[in-house]
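This report refers to the structure that appears directly beneath it.
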Amino acid sequence: MSEGFTLLLDEQPLLSFDVAREGQTWSGTGGKAKLQFVPRKTLPEDGLGLFYLTVPADQVKPGQPCRLTVRSNAKGSRRWFGLNPYPFD
């Protein structure tokens with residue numbers, strides 16, 4: 001297991017998580033923010049899949065954009081995490 005990643009919402013830490021091979025849910029401080037991973041393909045060390053993010057309504061402004069950022073918690077780590085747009089129409 002690596003030191004994982006931190007998910008930030010508008011530059012504020014929301015929760016910490018790590019890569020996973022199986023489905024998992026991580027919660028932020030106070031349990032209000034949640035990140036759920038649903039794997040679609042399992043690889044030897046981790047998996048590919050979809051993340052579903054739930055944040056408290058008081059942390060976003062209706063009609064306003066917000067910025068999600070993922071930062072590694074390790075220095076010099078070769079592990080990576082990617083976000084790809086997945087538009088909902």
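No hydrogens, no waters, no symmetry mates; every other heavy atom, side chains included, goes into these values.
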Non-hydrogen side-chain atoms of W26 and F51 separated by less than 4.5 Å: yes

Criterion side chain to side chain contact (heavy atoms under 4.5 Å, CB included) on L14 and T6, from CA distance to verdict: CA-CA 7 Å; L14 198 56; T6 296; over 6 Å; no

Where G31 and K34 come nearest, the two heavy atoms and their spacing: O-CE, 3.4 Å

Full working for side chain to side chain contact (heavy atoms under 4.5 Å, CB included) between R67 and L9: CA-CA 6 Å; R67 179 179 301 270; L9 175 65; over 6 Å; no

Crowding at CD, E22 (>12 non-hydrogen neighbours, <6.0 Å): no

hydrophobic_cluster_shared for L8 and V55, side chain cutoff 4.5 Å: no

Transitive ILVMFWY side-chain link V19 to V38, under 4.5 Å: no

L35 vs Y52 side-chain heavy atoms within contact, under 4.5 Å: no

Interatomic distance, C66 atom SG to Q59 atom CD [nearest 0.5 angstrom]: 10.0 Å

Taking every non-hydrogen atom, the tightest pair across L48 and F37: C-CZ, 4.0 Å

Side-chain heavy-atom pair T25, Q36 within 4.5 angstrom cut-off: yes

Residues N73, S16; criterion side chain to side chain contact (heavy atoms under 4.5 Å, CB included); working and verdict: CA-CA 9 Å; N73 293 333; S16 293; 4.2 Å; yes

Sub-4.5 Å side-chain heavy-atom contact between L68 and L53: yes

Side-chain heavy-atom pair L43, R21 within 4.5 angstrom cut-off: no

